[in-house]
Each structure stands twice: as C-alpha cells, then as structure tokens.
Amino acid sequence: MEGYKGFWVFIEQLQGRISDVGLELLAKARELADATNTYVGALLLGDFAEDKAKELFGYGADKVFLFSHPHLQIYHSLAYTKLICQAVKAEKPEALFMGATPLGADLAPRVAARLETGLSAHCVDLRLGEDGVLEQIVPGFGGAMMAVIVCPEKRPQMATVMPGVFPKLEPQERQGEVVPMEVALEEADLKPKVVEFKAKEQKTVALEGASVVICGGYGMGSKENWQLLEEMAKLLGGAVGATRPAVDEGWAPEEVMIGQSGKIVHPKLYIGAGISGVMHHVVGVQDSEIIVVINKDPNAPFFEVCDFGVVGDATQVLPALIEKLKERLQVD
Amino acid sequence: MPEAVVCVKPIPDPKHWDRLSLDPKTGVLRREGIPTVINPLDKHALEIALQLKDNFGWDATVVSMAPPETTQTLREALAMGADRAFLASDRQLAGADTLATAYTLAGLIKKKAPHFQLVLCGNMSLDGSTSQVAPQIAHYLGVPHITHVSKVQTQDGSTFQVTMDLKLAQLVLEGQGPMVLAVTKEVNLPRLVNIMGILAAEKKPLEVLSASDLDLDPSKVGQEGSPTRVRNLFMPEIKRRREILKGEPEEVAEELVNRLHQVGML
Ligand SMILES: Cc1cc2nc3c(=O)[nH]c(=O)nc-3n(C[C@H](O)[C@H](O)[C@H](O)COP(=O)(O)OP(=O)(O)OC[C@H]3O[C@@H](n4cnc5c(N)ncnc54)[C@H](O)[C@@H]3O)c2cc1C
Ligand SMILES: Nc1ncnc2c1ncn2[C@@H]1O[C@H](COP(=O)(O)O)[C@@H](O)[C@H]1O
C-alpha cells in the first residue's frame with residue numbers, strides 16, 4: 001500500500017535485559033526489508049541509554065526508536081500501547097512484529113485494536129506473497145493444516161511470532177540511527193498500577209539452542225522412566241523436552257514443553273519417545289535436521305514424519321540405545 | 001449491585017477433534033455432530049464472577065457470540081450459577097476475526113451490561129487460540145486489561161490485586177473496575193454443576209440478540225469487518241526418510257546408532 005514503509009519489530013525486555021525473540025524477529029525483518037528495499041525499525045521501550053539502542057544495529061536494525069523513561073522499565077499495557085501507536089501513526093510502517101510471549105500477547109492485540117488493523121497470533125513463519133502482501137503462517141485447526149493469513153487492506157500488517165522460529169544474526173558491525181522519542185504519559189496510562197515485580201528464578205533451559213533434543217511423551221509412563229531421557233540427553237550433550245501430557249503428569253516443567261503452545265526447536269538431532277505425533281507437537285520440531293521416533297504403536301502418526309522410526313517399547317529401547325551409544329562414544 | 005460480565009465461548013469438544021475435518025474444496029471446517037462445550041478457561045473466568053457473587057453480592061452476566069444452537073452450552077454457565085446470559089447470533093456476524101469478535105462482544109456488553117465492574121475472559125480459547133479477544137474487548141470498552149492472570153485477590157470487592165504471569169517474571173497489579181481480566185487455569189478451580197443448578201438454569205433469562213439489536217457499525221462486524229483473511233491452507237511439507245526399524249531392543253538400538261553415524265549425527 002502507498003506510503004507505508006519499513007518492517008518494525010517490538011524489542012521485548014525484562015529488567016533491562018533484551019529477550020532473544022526481538023533479536024530473532026530483527027533477523028527476519030532484515031531479510032524482508034532487503035527483499036523490498038526498505039528499512040528495519042526497532043521499537044525499544046524501557047529505561048535505557050542510547051548505547052543499548054545502538055546494540056540493535058548489529059542484529060539488523062537500521063533505525064531504533066528509543067522510548068526511554070523510568071516508568072517504562074516495567075511493562076505497562078496502556079502506556080506501551082499509547083507510545084507504540086503514536087510512533088506507528090507518525091511513521092507508517094508496513095508491518096509490525098512482536099514475540100508470541102505473554103508480554104507480546106498482552107500488548108499486540110491492544111495495539112492492533114487501537115490501530116484497527118489485523119493481527120495474527122503464534123506465527124511460525126513469515127514470507128512475502130507474490131503480490132507483496134505479507135503471508136503469515138499459522139498452524140491451524142489443531143496444526144494438521146497450516147493457514148496462510150493475510151491482512152490485505154489495513155496497515156501495519158501485524159503478527160506475533162513464536163520464539164525460536166528464526167535464528168538471530170551474529171552481531172555485525174553496522175551503522176544505524178537512534179531516534180529518541182518523546183515519552184509523555186498521563187496517570188491514567190499507568191493504571192492499574194504495578195505494586196510488585198517478581199523475577200522468577202531461572203532454571204537453565206538450553207532447549208532453544210540445543211543441537212540435540214530428547215523429548216518424551218505420555219508413553220514414557222512414569223517419572224522414573226523419564227530418567228532415561230535425562231541420561232540420554234546427558235550422554236549426547238542435549239536438552240530434554242516434553243509434550244503437554246508429560247508436563248501435565250509432572251514429569252517435566254512447563255518451560256520445556258515443545259509444540260504449538262510451547263517452544264519451537266530446531267536441533268540437528270531430535271529423538272521423540274512415547275509421543276503419538278499430533279501436529280500440535282510436531283509443528284515445534286519439524287525443523288529438526290533428523291527426527292527419530294520411538295513408539296510401540298506401529299501406526300503412531302509420528303512415524304509418518306520421521307527419518308528413523310523404532311517400533312518398540314521406549315523403556316526397553318532407550319536403555320539399549322544408551323548402552324550402544326556409550327560403546328560408540330567410548331564413555332562409561 | 002456491581003456486575004461482572006463473563007465472556008463464554010462455545011467450542012467444539014476437544015475430545016472429539018479427531019472427527020473434525022476440512023472440506024478440501026472450500027477449506028471450511030466441518031464440525032457436524034461434534035458436541036459443543038464451554039471453552040475450559042472460561043469456566044475459570046466464570047468462577048471468579050461467582051465468588052464475587054457469593055462473597056460480595058455481585059451479579060454475574062454471561063455474554064457470547066456464537067451460532068444459535070449453542071444456547072444449551074450457555075445454559076451450563078447458568079447452571080454453574082450465572083444470573084443471565086446474552087447470545088449475539090446472526091449470519092451477519094459470521095466469519096469474524098478477533099477484532100470483529102471483540103467489537104461485537106464489546107457492543108453487546110455496552111448494550112446489556114453498561115455498568116459492569118469487571119469483564120472476565122479466558123486467556124485463550126482452545127479452538128481459536130489467539131489470546132487476542134480480551135485485550136481487544138478492553139480497547140473497545142475503553143478500559144484497562146490484564147491478561148495471563150494467575151491470581152485475583154480482593155478484600156472489599158472493589159480493589160483487586162491481580163497477578164500477571166509473564167513466565168520469566170510476575171507482575172502484581174492493583175486496580176479497580178471497570179477493567180478486563182483474562183485468566184489462566186492457575187487462577188482457581190471452577191465449581192461443578194449440580195442438579196439444583198440445572199433446574200434453576202431453566203428459569204434464568206437467556207436472550208438471543210441479532211446484529212441489528214446491538215447498535216453496531218455493520219462495516220465492523222463479521223467477515224466484512226475483519227482485517228485478516230485466510231488466503232489458503234496447506235499441508236506442511238514433509239520430506240523425511242521414514243525408515244522404520246523393527247526387532248529386539250538391542251538389534252534396533254545397534255541399527256539406529258549405525259544410521260545416526262551414517263548421516264553424521266554422531
Ligand atoms: C490448542 C492446543 C495446543 C496444544 N499444544 C501442544 C503443544 O504445544 N505441545 C504438545 O506436546 N501438545 C500440545 N497439545 C496437545 C496435543 O494435542 C497432544 O495431546 C499431545 O501432543 C500428545 O502428547 P503425547 O504424544 O505425549 O501423548 P499421547 O497422544 O497420549 O501419545 C502417547 C504415545 O506413546 C506411545 N507409547 C505408550 N507407551 C509406550 C512405550 N512404553 N514405549 C513407546 N511408546 C509408548 C503410544 O503408542 C502413543 O502413541 C495441544 C493441544 C491443543 C488442543
Ligand atoms: N465468540 C466469543 N464469545 C464469547 N467470548 C469469546 C468469544 N471469542 C473469544 N471469547 C473470549 O475471549 C477469550 C480468549 O479467546 P481467544 O482470543 O480466541 O483465544 C475466550 O476465553 C473467551 O473468554
């Protein structure tokens with residue numbers, strides 16, 4: 001559409017630490033902007049000096065719109081919405097992306113509603129259609145189908161994108177422009193007021209970056225059997241993931257759930273044991289280089305989308321596999 | 001009486017999702033014969049309203065936008081204890097994306113419960129799965145919203161301490177109505193329906209409204225009012241080896257290790 005230029009990314013931060021998902025989206029925005037001869041804009045809201053904004057050039061941003069104010073250090077939906085909408089109305093970007101994180105899912109719909117534009121949720125890919133319209137790929141109808149969502153008549157085109165879908169760029173020496181933005185807020189913009197901020201203790205979850213992911217499903221049967229996955233992961237230097245039912249059983253923490261409503265992973269090697277292979281889960285692993293599936297039911301749908309499938313009881317196959325791997329890797 | 005409005009979405013029962021199919025020609029979802037249930041998180045939203053009713057004498061009003069045959073599903077919300085229900089149901093409203101859905105529900109709330117203190121939603125619908133409707137309703141009502149709500153506390157039924165779960169952190173916010181909250185399953189345990197409730201529900205008001213009853217801008221509802229479109233649907237492309245190994249655990253383990261070695265994984 002005439003007059004709309006630039007791919008924008010909302011840079012999520014928590015206590016001044018920039019989250020990966022914003023950097024991942026900068027990489028995708030860079031690709032889309034290069035393909036269409038336009039620029040990448042980053043929206044950075046927080047209590048930041050210009051130096052922090054400049055870091056974003058290396059990840060692909062040409063312009064960083066910096067909203068710096070002590071009130072912005074902690075997320076506030078109305079304040080953030082107001083400032084972002086003011087910038088969008090003034091600069092008219094073609095598209096605006098945010099992470100499909102709790103914060104992004106709280107903010108993006110409100111921004112989209114105020115701008116009366118379309119928003120698609122939990123995208124797993126973004127690409128340009130032949131007509132130049134942004135195609136937003138959303139796992140639909142339980143994930144068995146992918147839906148291509150477009151927003152042909154309104155701008156900006158907005159999407160929230162799953163963390164881990166796009167690799168971020170290795171920081172490069174690049175130049176850009178920091179655009180300091182005015183932050184004028186009223187008391188009403190800061191309601192309801194934040195009375196407490198509790199950072200949660202971070203268990204180190206190396207899942208997103210792991211080159212080997214060992215994932216267990218409901219078929220693992222018990223917390224004791226789950227140890228087999230941990231052992232396997234340790235042996236291969238990988239991380240353990242889980243399906244939703246396994247998380248529901250308490251065998252693994254929610255943070256390691258893989259799939260449509262959890263994490264997206266793209267390891268070199270993914271091994272799934274006791275997992276039926278419903279698309280809700282499979283969408284989260286389909287970018288793995290090699291997929292190995294262990295399931296005792298030869299008709300499990302996961303076998304349709306695997307590289308190597310082992311028909312057998314995971315509680316027997318895994319110990320045997322661990323032994324063979326130890327032999328091969330010469331460890332004990 | 002202060003009033004809580006609960007947004008209840010009837011969805012095809014996830015237990016029967018294997019019976020959902022896509023019409024390959026039209027791309028329309030076929031859901032014939034699949035029973036409808038209340039979106040699970042919406043019961044948690046309703047439970048908050050019912051506790052405010054029990055403890056502070058609030059009114060609990062249910063609103064929904066869905067096809068007319070879902071009235072039975074809304075009766076279940078009445079059986080849990082809601083006082084009344086309003087269902088916006090009209091061909092004109094069909095095909096709505098989240099923006100048009102939120103605009104319509106906000107219109108219904110303005111018409112039927114203009115003095116609400118809280119609008120309570122589920123954080124996500126299982127079928128739509130967007131988590132977008134609640135903040136967008138709040139926009140059209142001109143009130144603040146909080147999503148990912150894992151805890152709601154109040155001493156006096158007027159000031160609320162609300163915990164928003166950001167996964168890596170928690171925010172506790174304090175505020176008074178009117179506002180919109182979208183809740184997760186951590187927030188409470190919804191009550192079960194009993195016989196008394198079912199009998200009482202039969203006598204409670206359940207009004208079905210058409211688009212023209214709602215003073216809405218026709219260009220903002222249904223498919224026409226939806227900025228997003230489904231361009232097409234495709235099956236995810238699968239190019240995998242699909243080599244299936246069978247045999248005794250030791251044999252298959254050996255074979256698998258060999259294969260992984262061959263493809264450079266070990
Ligand atoms: C909106 C929505 C979003 C969802 N998002 C996600 C998501 O992000 N991630 C996710 O994982 N799920 C998600 N789900 C749930 C998803 O639909 C499936 O229910 C889930 O992925 C199935 O997990 P599973 O394969 O572990 O369990 P099951 O489907 O119960 O499968 C267990 C499998 O284990 C096999 N098995 C049993 N015993 C053994 C044994 N001893 N050895 C070997 N194999 C054995 C069985 O043959 C079976 O195939 C979502 C659902 C909905 C509705
Ligand atoms: N058609 C609808 N009727 C009533 N409430 C709805 C409707 N669609 C969404 N909601 C509410 O919005 C919440 C989030 O839905 P969604 O944005 O689809 O994930 C639901 O849990 C409901 O509380």
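We name chains A, B, ... by the order of the sequence lines, and we start the count at 1 in each one.
The contact between B:I244 and chain A is made by backbone and side chain atoms together, counting heavy-atom distances below 4.5 Å. With a threshold of 4.5 angstrom between heavy atoms, B:V180 does not approach chain A through any atom at all. The contact between A:R114 and chain B is made by backbone and side chain atoms together, counting heavy-atom distances below 4.5 Å. Heavy-atom distances place both the backbone and the side chain of B:D165 under 4.5 Å from chain A. Contact of B:I137 with chain A is not made at all, since no heavy-atom distance falls under 4.5 Å. For chain B, the nearby part of A:S77 is the side chain; its heavy atoms alone come within less than 4.5 Å. The parts of B:V230 that come within reach of chain A are both its backbone and its side chain, each placing non-hydrogen atoms under 4.5 angstrom from that chain. Proximity to chain B (any heavy atom under 4.5 Å) is restricted, for A:K154, to the side chain, taken from C-beta onward. Looking at A:I322, there are no atoms closer than 4.5 Å to chain B (heavy atoms on both sides), in backbone or side chain. Contact of B:H148 with chain A is made through the side chain alone, with heavy-atom distances under 4.5 Å. For A:L103, the parts lying near chain B are the backbone and the side chain together; criterion is any non-hydrogen pair under 4.5 Å. Heavy-atom distances place both the backbone and the side chain of B:H145 under 4.5 Å from chain A. With a 4.5 Å cut-off on non-hydrogen atoms, B:L99 touches chain A through its side chain but not through its backbone. Proximity to chain A (any heavy atom under 4.5 Å) is shown, for B:Y103, by neither the backbone nor the side chain.
Nearest heavy-atom pair across A:E289 and B:M265 is OE2-CE, 3.5 Å. Contact record, A:L119 with B:T228: N-CG2, 3.6 Å, taken as the closest heavy-atom pair. For the pair A:A121 and B:Q132, the tightest heavy-atom approach, listed with the atom from each and the gap, is CB-OE1, 3.2 Å. Residues A:H122 and B:T130 share a closest heavy-atom pair of CE1-O, 4.1 Å. Listed here is the closest heavy atom pair of A:L14 and B:A169: CD2-CB, 4.0 Å. Minimum interatomic distance between B:L171 and A:Y75 (heavy atoms only, all atoms of both residues): CD1-O, 3.8 Å.
Among the candidates A:V311, A:I74, A:I149, A:V150, the residue making the largest number of heavy-atom pairs closer than 4.5 Å to chain B is A:V150. Here A:T117 is the residue among A:T117, A:I294, A:I137, A:L78 with the most heavy-atom pairs under 4.5 Å with chain B. With respect to chain B, the highest number of heavy-atom pairs below 4.5 Å among A:I291, A:L269, A:L236 belongs to A:I291. Counting heavy-atom pairs under 4.5 Å between each of A:A320, A:P152, A:S19 and chain B puts A:A320 at the top. For the set A:Q316, A:E153, A:M158, A:Q157, the count of heavy-atom pairs under 4.5 angstrom toward chain B peaks at A:Q316.
Under a 4.0 Å N-O distance rule, the pair A:E254/B:K167 does not qualify as a salt bridge.
Between A:V293 and B:R240 there is no side-chain heavy-atom pair separated by less than 4.5 Å. With a 4.5 Å cut-off on side-chain heavy atoms, A:V292 and B:L260 count as touching. A heavy-atom distance below 4.5 Å is not found between the side chains of A:K191 and B:M179. Two residues are said to be in side-chain contact when any heavy atoms from C-beta on lie closer than 4.5 Å; B:M164 and A:D106 meet this criterion. Side chains of B:K220 and A:E116 form a contact here, defined as non-hydrogen atoms less than 4.5 Å apart. Residues A:V194 and B:V172 fail the side-chain proximity criterion, which asks for heavy atoms closer than 4.5 Å. Residues B:R231 and A:V133 form a side-chain contact, since some pair of their non-hydrogen atoms from C-beta on lies under 4.5 Å apart. Counting heavy atoms from C-beta outward, A:P192 and B:V162 have side chains that stay 4.5 Å or more apart.
Between the side chain of B:Q170 and the backbone N or O of A:K198 there is no donor-acceptor pair closer than 3.5 Å.
No option in A:V317, A:L325, A:L321, A:I271 other than A:L321 meets the side chain to side chain contact (heavy atoms under 4.5 Å, CB included) test with B:L256.
Taking CG of B:N258 as the reference point, atom CZ of A:F308 lies at 10.5 Å (rounded to 0.5 Å). How far NZ of A:K324 is from CG of B:L266: 14.0 Å, rounded to the nearest 0.5 Å.
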